[in-house]
Amino acid sequence: MKKIVLMGLVDLENYGEQFLADTVEYLVGRKYQAVSVDFRPPKKNLRHLLYWILLVLSKVFSFSQKSYKLLFWGISLLTRKYYAEQIKNADMIIFACGSYKYRTQKLWAYYSVAIEEAQKLNIPVMFDAMNIQNFDESDWRCRCLQTHTNYPCVKCFTTRDGVAGLEKLKRYYINRDSDIKVEMVGDPAFWIPECYDVQKSNSAKKVGVNLIRSKIFLQYGYNVTEEQLIDFYCNVIHKLEDSGIEWELFTNGLEKDYQLGKTVLKKCGMEERNIVVPDSAKQLVKLIAGYKAILGARLHSCICAYALDVPLVGFIWDEKLLRFSQIAGIESFFLTEGELDAEQFYTKFMVALDFTYDKIIREEWKQKTKCTIQQFLMDDA
(Lines give C-alpha, C1' and ligand atoms only; values in the text may rest on other atoms or scores of the structure.)
Protein backbone atom coordinates (compact mmCIF):
# COMPACT_ATOMS: atom_id res chain seq x y z
CA MET A 1 0.00 0.00 0.00
CA LYS A 2 1.38 3.42 -1.00
CA LYS A 3 2.11 5.79 1.89
CA ILE A 4 0.88 9.37 1.47
CA VAL A 5 2.20 11.93 3.97
CA LEU A 6 -0.17 14.85 4.57
CA MET A 7 1.73 17.82 5.98
CA GLY A 8 0.03 20.79 7.63
CA LEU A 9 -0.74 22.53 10.91
CA VAL A 10 -2.65 19.50 12.11
CA ASP A 11 -1.91 19.91 15.82
CA LEU A 12 -2.95 23.57 15.97
CA GLU A 13 -5.80 24.34 18.37
CA ASN A 14 -7.67 25.89 15.45
CA TYR A 15 -9.74 22.87 14.42
CA GLY A 16 -10.41 24.47 11.06
CA GLU A 17 -6.84 23.43 10.18
CA GLN A 18 -7.76 19.87 11.14
CA PHE A 19 -10.64 19.99 8.65
CA LEU A 20 -8.05 20.23 5.88
CA ALA A 21 -6.03 17.22 7.00
CA ASP A 22 -9.14 15.12 7.66
CA THR A 23 -10.92 15.92 4.40
CA VAL A 24 -7.78 15.43 2.28
CA GLU A 25 -7.27 12.08 4.00
CA TYR A 26 -10.90 11.24 3.18
CA LEU A 27 -10.30 12.14 -0.48
CA VAL A 28 -7.08 10.13 -0.64
CA GLY A 29 -9.24 7.11 0.16
CA ARG A 30 -8.60 3.68 1.60
CA LYS A 31 -6.50 2.53 -1.32
CA TYR A 32 -3.58 4.42 0.22
CA GLN A 33 -2.10 4.73 3.69
CA ALA A 34 -2.49 8.40 4.64
CA VAL A 35 -0.40 9.75 7.54
CA SER A 36 -0.80 13.28 8.92
CA VAL A 37 2.38 15.09 9.95
CA ASP A 38 2.45 18.48 11.67
CA PHE A 39 4.92 21.00 10.30
CA ARG A 40 6.11 21.67 13.83
CA PRO A 41 8.18 19.02 15.67
CA PRO A 42 6.44 17.85 18.85
CA LYS A 43 9.43 17.40 21.18
CA LYS A 44 11.27 20.02 23.18
CA ASN A 45 15.04 19.54 22.94
CA LEU A 46 18.31 21.33 22.20
CA ARG A 47 17.15 22.02 18.64
CA HIS A 48 14.21 24.01 20.01
CA LEU A 49 16.54 26.05 22.19
CA LEU A 50 18.81 26.87 19.25
CA TYR A 51 15.77 27.70 17.16
CA TRP A 52 14.54 30.19 19.75
CA ILE A 53 17.99 31.79 19.93
CA LEU A 54 17.99 32.29 16.16
CA LEU A 55 14.38 33.52 16.29
CA VAL A 56 15.34 36.17 18.85
CA LEU A 57 18.38 37.17 16.79
CA SER A 58 16.21 37.47 13.68
CA LYS A 59 14.07 40.06 15.44
CA VAL A 60 17.13 42.26 15.96
CA PHE A 61 17.26 42.67 12.17
CA SER A 62 13.49 42.83 11.83
CA PHE A 63 12.00 42.86 8.31
CA SER A 64 15.37 42.52 6.58
CA GLN A 65 16.94 39.82 4.44
CA LYS A 66 19.35 38.98 7.26
CA SER A 67 16.39 38.57 9.64
CA TYR A 68 14.60 36.18 7.29
CA LYS A 69 17.73 34.13 6.63
CA LEU A 70 18.30 33.70 10.36
CA LEU A 71 14.68 32.61 10.75
CA PHE A 72 15.06 30.12 7.89
CA TRP A 73 18.22 28.67 9.43
CA GLY A 74 16.41 28.35 12.75
CA ILE A 75 13.44 26.54 11.25
CA SER A 76 15.74 24.38 9.14
CA LEU A 77 17.66 23.39 12.27
CA LEU A 78 14.41 22.68 14.11
CA THR A 79 12.63 20.67 11.40
CA ARG A 80 15.06 19.11 8.93
CA LYS A 81 15.88 15.94 10.86
CA TYR A 82 12.23 15.59 11.89
CA TYR A 83 10.97 15.93 8.29
CA ALA A 84 13.56 13.46 7.00
CA GLU A 85 12.37 10.90 9.52
CA GLN A 86 8.67 11.50 8.83
CA ILE A 87 8.89 11.23 5.04
CA LYS A 88 11.63 8.66 4.58
CA ASN A 89 9.18 5.89 3.64
CA ALA A 90 6.65 8.11 1.88
CA ASP A 91 5.65 7.57 -1.72
CA MET A 92 4.06 11.01 -2.07
CA ILE A 93 3.59 14.19 -0.03
CA ILE A 94 0.54 16.46 -0.03
CA PHE A 95 0.69 19.85 1.67
CA ALA A 96 -2.77 19.99 3.24
CA CYS A 97 -2.45 23.40 4.84
CA GLY A 98 -4.55 25.66 2.62
CA SER A 99 -2.34 28.75 2.64
CA TYR A 100 0.59 29.56 0.38
CA LYS A 101 2.03 32.56 2.14
CA TYR A 102 5.18 34.04 3.61
CA ARG A 103 4.11 36.88 5.90
CA THR A 104 2.50 34.88 8.74
CA GLN A 105 2.83 31.46 10.43
CA LYS A 106 6.30 30.75 8.90
CA LEU A 107 4.69 28.50 6.31
CA TRP A 108 7.16 29.61 3.61
CA ALA A 109 10.01 28.11 5.64
CA TYR A 110 8.15 24.89 6.53
CA TYR A 111 7.29 24.31 2.88
CA SER A 112 10.84 25.08 1.74
CA VAL A 113 12.61 22.74 4.16
CA ALA A 114 10.12 19.94 3.49
CA ILE A 115 10.62 20.34 -0.26
CA GLU A 116 14.39 20.18 0.14
CA GLU A 117 14.07 16.90 2.01
CA ALA A 118 11.55 15.53 -0.50
CA GLN A 119 13.93 16.45 -3.33
CA LYS A 120 16.75 14.48 -1.72
CA LEU A 121 14.51 11.40 -1.59
CA ASN A 122 12.86 12.02 -4.98
CA ILE A 123 9.37 12.08 -3.44
CA PRO A 124 6.63 13.79 -5.52
CA VAL A 125 4.98 16.78 -3.80
CA MET A 126 1.56 18.38 -4.24
CA PHE A 127 0.37 21.75 -2.90
CA ASP A 128 -3.36 21.19 -2.38
CA ALA A 129 -6.09 23.87 -2.53
CA MET A 130 -3.97 26.87 -1.58
CA ASN A 131 -4.97 30.48 -1.25
CA ILE A 132 -2.19 32.51 -2.87
CA GLN A 133 -0.60 35.52 -1.19
CA ASN A 134 0.39 38.44 -3.39
CA PHE A 135 3.91 38.22 -4.77
CA ASP A 136 6.53 40.65 -3.44
CA GLU A 137 9.87 40.59 -5.24
CA SER A 138 11.46 42.67 -2.47
CA ASP A 139 10.65 40.11 0.26
CA TRP A 140 13.31 37.41 0.66
CA ARG A 141 10.76 35.00 2.16
CA CYS A 142 8.61 35.31 -0.95
CA ARG A 143 11.55 34.65 -3.26
CA CYS A 144 12.61 31.68 -1.12
CA LEU A 145 9.13 30.19 -1.37
CA GLN A 146 9.03 30.81 -5.11
CA THR A 147 12.39 29.09 -5.62
CA HIS A 148 11.44 25.99 -3.65
CA THR A 149 8.04 25.73 -5.33
CA ASN A 150 9.85 25.16 -8.62
CA TYR A 151 11.99 22.26 -7.36
CA PRO A 152 11.65 19.19 -9.64
CA CYS A 153 9.91 17.15 -6.93
CA VAL A 154 6.90 19.53 -6.96
CA LYS A 155 4.50 17.98 -9.47
CA CYS A 156 1.09 19.53 -8.80
CA PHE A 157 -0.24 22.81 -7.39
CA THR A 158 -3.94 23.53 -6.92
CA THR A 159 -5.54 26.76 -5.70
CA ARG A 160 -8.87 27.43 -4.01
CA ASP A 161 -8.75 31.10 -5.11
CA GLY A 162 -10.43 30.60 -8.48
CA VAL A 163 -9.18 32.40 -11.59
CA ALA A 164 -7.43 35.06 -9.50
CA GLY A 165 -5.32 32.45 -7.74
CA LEU A 166 -4.57 30.58 -10.94
CA GLU A 167 -3.37 33.74 -12.69
CA LYS A 168 -1.27 34.77 -9.68
CA LEU A 169 0.43 31.38 -9.60
CA LYS A 170 1.19 31.27 -13.30
CA ARG A 171 2.34 34.88 -13.52
CA TYR A 172 4.48 35.15 -10.40
CA TYR A 173 5.29 31.84 -8.75
CA ILE A 174 5.48 29.00 -11.29
CA ASN A 175 8.34 29.20 -13.80
CA ARG A 176 7.20 29.33 -17.42
CA ASP A 177 9.28 26.28 -18.34
CA SER A 178 7.99 24.29 -15.37
CA ASP A 179 6.00 21.11 -15.88
CA ILE A 180 4.08 21.60 -12.61
CA LYS A 181 0.39 20.89 -13.15
CA VAL A 182 -1.65 23.91 -11.96
CA GLU A 183 -5.43 23.73 -11.41
CA MET A 184 -8.35 25.53 -9.73
CA VAL A 185 -10.24 23.50 -7.12
CA GLY A 186 -12.60 23.94 -4.19
CA ASP A 187 -11.51 23.76 -0.57
CA PRO A 188 -11.31 20.08 0.50
CA ALA A 189 -13.44 21.05 3.50
CA PHE A 190 -16.40 21.27 1.11
CA TRP A 191 -16.40 17.48 1.75
CA ILE A 192 -17.08 17.93 5.49
CA PRO A 193 -20.53 16.24 5.51
CA GLU A 194 -19.18 13.07 3.91
CA CYS A 195 -15.90 13.06 5.84
CA TYR A 196 -17.44 13.45 9.29
CA ASP A 197 -20.85 11.91 8.49
CA VAL A 198 -22.67 14.96 9.90
CA GLN A 199 -25.73 16.77 8.50
CA LYS A 200 -27.29 20.04 9.59
CA SER A 201 -30.14 20.12 12.08
CA ASN A 202 -33.57 20.88 10.68
CA SER A 203 -34.86 22.12 14.03
CA ALA A 204 -32.08 24.53 15.02
CA LYS A 205 -33.11 27.84 16.64
CA LYS A 206 -29.85 29.29 17.89
CA VAL A 207 -27.44 31.51 15.92
CA GLY A 208 -23.74 30.85 16.35
CA VAL A 209 -21.42 33.86 16.62
CA ASN A 210 -17.91 32.78 15.65
CA LEU A 211 -15.06 34.57 17.43
CA ILE A 212 -11.62 35.64 16.22
CA ARG A 213 -8.67 37.27 17.95
CA SER A 214 -8.83 41.01 18.54
CA LYS A 215 -5.89 42.12 16.37
CA ILE A 216 -6.71 40.02 13.30
CA PHE A 217 -7.57 42.94 11.00
CA LEU A 218 -4.46 44.92 11.94
CA GLN A 219 -2.21 41.87 11.55
CA TYR A 220 -3.47 41.29 8.02
CA GLY A 221 -3.09 44.89 6.88
CA TYR A 222 -6.62 46.20 7.46
CA ASN A 223 -7.62 49.19 9.59
CA VAL A 224 -10.22 47.80 12.02
CA THR A 225 -8.90 48.28 15.56
CA GLU A 226 -9.40 45.94 18.51
CA GLU A 227 -11.96 48.29 20.01
CA GLN A 228 -13.91 48.52 16.76
CA LEU A 229 -14.03 44.73 16.44
CA ILE A 230 -15.20 44.35 20.04
CA ASP A 231 -17.87 47.00 19.48
CA PHE A 232 -19.03 45.18 16.34
CA TYR A 233 -19.50 41.93 18.24
CA CYS A 234 -21.31 43.71 21.07
CA ASN A 235 -23.64 45.48 18.65
CA VAL A 236 -24.40 42.22 16.82
CA ILE A 237 -25.28 40.57 20.13
CA HIS A 238 -27.55 43.45 21.12
CA LYS A 239 -29.21 43.37 17.70
CA LEU A 240 -29.93 39.64 18.01
CA GLU A 241 -31.19 40.15 21.57
CA ASP A 242 -33.49 42.99 20.51
CA SER A 243 -34.85 40.80 17.70
CA GLY A 244 -35.61 37.93 20.06
CA ILE A 245 -33.08 35.62 18.40
CA GLU A 246 -31.21 33.05 20.49
CA TRP A 247 -27.43 33.26 20.09
CA GLU A 248 -24.25 31.68 21.34
CA LEU A 249 -20.56 32.57 21.08
CA PHE A 250 -18.20 29.85 19.85
CA THR A 251 -14.60 29.45 18.75
CA ASN A 252 -12.69 27.14 16.43
CA GLY A 253 -10.63 26.15 19.47
CA LEU A 254 -8.08 28.96 19.78
CA GLU A 255 -7.42 30.55 23.16
CA LYS A 256 -6.96 34.09 21.76
CA ASP A 257 -10.39 33.88 20.13
CA TYR A 258 -11.88 32.78 23.44
CA GLN A 259 -10.26 35.74 25.22
CA LEU A 260 -11.83 38.12 22.70
CA GLY A 261 -15.18 36.55 23.56
CA LYS A 262 -14.65 37.15 27.29
CA THR A 263 -13.89 40.81 26.57
CA VAL A 264 -17.01 41.13 24.42
CA LEU A 265 -19.26 39.60 27.07
CA LYS A 266 -17.80 41.84 29.76
CA LYS A 267 -18.43 44.94 27.67
CA CYS A 268 -21.99 43.75 26.98
CA GLY A 269 -22.58 43.14 30.69
CA MET A 270 -23.19 39.44 30.02
CA GLU A 271 -20.22 37.84 31.75
CA GLU A 272 -22.37 34.91 32.88
CA ARG A 273 -22.90 33.75 29.30
CA ASN A 274 -21.03 30.67 28.11
CA ILE A 275 -18.56 30.54 25.21
CA VAL A 276 -18.50 27.17 23.48
CA VAL A 277 -14.99 25.84 22.78
CA PRO A 278 -14.90 22.56 20.82
CA ASP A 279 -12.32 19.95 21.75
CA SER A 280 -12.09 18.25 18.35
CA ALA A 281 -12.67 18.95 14.68
CA LYS A 282 -15.74 16.72 14.61
CA GLN A 283 -17.23 18.51 17.61
CA LEU A 284 -16.80 21.81 15.78
CA VAL A 285 -18.61 20.35 12.75
CA LYS A 286 -21.47 19.13 14.95
CA LEU A 287 -21.63 22.51 16.69
CA ILE A 288 -22.01 24.43 13.42
CA ALA A 289 -24.46 21.84 12.08
CA GLY A 290 -26.65 22.56 15.11
CA TYR A 291 -27.01 26.29 14.45
CA LYS A 292 -29.82 27.99 12.57
CA ALA A 293 -27.19 30.29 11.03
CA ILE A 294 -23.77 31.67 11.90
CA LEU A 295 -21.80 34.87 11.87
CA GLY A 296 -18.56 33.45 10.48
CA ALA A 297 -15.16 34.90 11.36
CA ARG A 298 -12.68 32.05 10.85
CA LEU A 299 -12.51 30.86 7.24
CA HIS A 300 -13.24 27.24 8.00
CA SER A 301 -16.23 27.99 10.18
CA CYS A 302 -17.61 29.78 7.12
CA ILE A 303 -16.69 26.87 4.85
CA CYS A 304 -18.15 24.34 7.28
CA ALA A 305 -21.46 26.22 7.37
CA TYR A 306 -21.48 26.43 3.57
CA ALA A 307 -20.74 22.71 3.21
CA LEU A 308 -23.56 21.84 5.61
CA ASP A 309 -26.12 24.26 4.08
CA VAL A 310 -26.17 26.36 7.25
CA PRO A 311 -26.96 30.05 6.45
CA LEU A 312 -23.94 32.28 6.78
CA VAL A 313 -22.88 35.91 7.08
CA GLY A 314 -19.13 36.47 7.28
CA PHE A 315 -16.62 39.29 7.31
CA ILE A 316 -13.40 39.74 5.35
CA TRP A 317 -10.10 40.21 7.18
CA ASP A 318 -7.98 38.43 4.57
CA GLU A 319 -8.21 37.87 0.83
CA LYS A 320 -8.85 34.15 1.34
CA LEU A 321 -12.34 34.87 2.70
CA LEU A 322 -13.09 37.03 -0.31
CA ARG A 323 -11.93 34.32 -2.71
CA PHE A 324 -13.99 31.66 -0.94
CA SER A 325 -17.09 33.85 -1.08
CA GLN A 326 -16.54 34.46 -4.79
CA ILE A 327 -16.14 30.83 -5.88
CA ALA A 328 -19.10 29.84 -3.70
CA GLY A 329 -21.27 32.61 -5.17
CA ILE A 330 -22.02 34.18 -1.77
CA GLU A 331 -19.90 37.34 -1.82
CA SER A 332 -22.98 39.43 -1.04
CA PHE A 333 -23.16 37.79 2.41
CA PHE A 334 -19.69 38.98 3.45
CA LEU A 335 -19.00 42.29 5.16
CA THR A 336 -16.00 44.35 4.11
CA GLU A 337 -14.17 46.36 6.77
CA GLY A 338 -16.21 49.41 5.75
CA GLU A 339 -19.43 47.47 6.35
CA LEU A 340 -18.52 46.09 9.78
CA ASP A 341 -21.72 47.28 11.36
CA ALA A 342 -24.53 45.46 13.21
CA GLU A 343 -27.24 46.88 10.97
CA GLN A 344 -25.38 45.78 7.85
CA PHE A 345 -24.92 42.35 9.41
CA TYR A 346 -28.60 42.04 10.27
CA THR A 347 -29.74 43.05 6.79
CA LYS A 348 -27.55 40.38 5.22
CA PHE A 349 -28.50 37.89 7.91
CA MET A 350 -32.23 38.15 7.18
CA VAL A 351 -31.60 37.55 3.48
CA ALA A 352 -29.23 34.66 4.18
CA LEU A 353 -31.87 32.83 6.22
CA ASP A 354 -33.97 32.31 3.07
CA PHE A 355 -31.06 31.83 0.67
CA THR A 356 -30.29 28.47 -0.93
CA TYR A 357 -26.69 27.70 -1.84
CA ASP A 358 -26.04 26.71 -5.44
CA LYS A 359 -25.45 22.99 -4.97
CA ILE A 360 -24.42 22.49 -8.58
CA ILE A 361 -21.52 24.94 -8.23
CA ARG A 362 -20.50 23.41 -4.91
CA GLU A 363 -20.55 19.89 -6.35
CA GLU A 364 -18.43 21.00 -9.31
CA TRP A 365 -15.78 22.41 -6.98
CA LYS A 366 -15.89 19.29 -4.83
CA GLN A 367 -15.33 17.03 -7.80
CA LYS A 368 -12.44 19.16 -9.06
CA THR A 369 -10.77 18.84 -5.66
CA LYS A 370 -11.28 15.09 -5.55
CA CYS A 371 -10.17 14.51 -9.14
CA THR A 372 -6.93 16.50 -8.88
CA ILE A 373 -5.87 14.64 -5.73
CA GLN A 374 -6.68 11.26 -7.23
CA GLN A 375 -4.94 12.18 -10.50
CA PHE A 376 -1.80 13.18 -8.59
CA LEU A 377 -1.85 9.86 -6.76
CA MET A 378 -2.24 7.92 -10.00
CA ASP A 379 0.30 9.94 -11.98
CA ASP A 380 2.99 9.40 -9.37
CA ALA A 381 2.02 5.95 -8.14
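Since the model is a prediction, treat every value here as computed from it, not as a measurement. Residue numbers count from 1 along this sequence.
For residues 117-136, every residue pair satisfying the salt bridge (charged side-chain N to carboxylate O under 4.0 Å, His left out) rule, not counting sequence neighbours, is listed here: R80-E117, R103-D136, E117-K120. Every pair passing salt bridge (charged side-chain N to carboxylate O under 4.0 Å, His left out) that includes a residue from residues 229-240 is listed here, sequence neighbours excluded: D231-K267, K239-E343. The side chain to side chain donor-acceptor pair (under 3.5 Å) contacts involving residues 346-356 comprise S243-Y346, where partners must be two or more places apart or lie in separate chains. Pairs engaging residues 193-220 under the salt bridge (charged side-chain N to carboxylate O under 4.0 Å, His left out) rule: E194-K366, K206-E248 [sequence neighbours left out]. The salt bridge (charged side-chain N to carboxylate O under 4.0 Å, His left out) contacts involving residues 274-287 comprise nothing, where partners must be two or more places apart or lie in separate chains.
Residues P152 and Q119 form a side-chain contact, since some pair of their non-hydrogen atoms from C-beta on lies under 4.5 Å apart.
Side-chain contact of R143 with Q146: a donor-acceptor pair under 3.5 Å is absent, judged by distance alone. A donor-acceptor pair shorter than 3.5 Å can be found between the side chains of W247 and E241. There is a side-chain donor-acceptor pair under 3.5 Å between N210 and N252.
F39 and Y111 have perpendicular rings, their planes meeting at more than 60° on a 0 to 90° scale where under 30° would count as parallel. Ring orientation note: the planes of F315 and F217 are close to parallel, at an angle under 30° on the 30°/60° scale.
In terms of the salt bridge (charged side-chain N to carboxylate O under 4.0 Å, His left out) criterion, D318 has no residue partners (sequence neighbours excluded). Every residue two or more places apart in sequence or in another chain that forms a side chain to side chain contact (heavy atoms under 4.5 Å, CB included) with L20 is listed here: E17, R160, D187, P188, H300. Residues forming a ring-ring contact (aromatic ring centres under 6.0 Å, His included) with Y306 (at least two apart in sequence, or on another chain): F190, F324, Y357. Legend: residues meeting ring-ring contact (aromatic ring centres under 6.0 Å, His included) with F157, ordered by chain and number and at least two apart, are Y100, F127. By the ring-ring contact (aromatic ring centres under 6.0 Å, His included) test, Y15 is found to be paired with no residue, residues two or more places apart in sequence or in another chain being considered. Partners of F345 according to the ring-ring contact (aromatic ring centres under 6.0 Å, His included) rule, which considers only residues two or more places apart in sequence or in another chain, are F349. Applying the side chain to side chain contact (heavy atoms under 4.5 Å, CB included) rule to A289 yields the partners V198, L308; only residues at least two apart in sequence or on another chain are considered.
Atom-to-atom distance recorded for L27:CG and Q374:CD is 7.5 Å, nearest 0.5 angstrom.
A salt bridge between E363 and K359 is absent, with no side-chain N of the basic residue lying under 4.0 Å from a carboxylate O of the acidic one.
In terms of hydrophobic clustering, with Ile, Leu, Val, Met, Phe, Trp and Tyr side chains grouped at heavy-atom distances under 4.5 Å, V37 and L78 are assigned to a common cluster.
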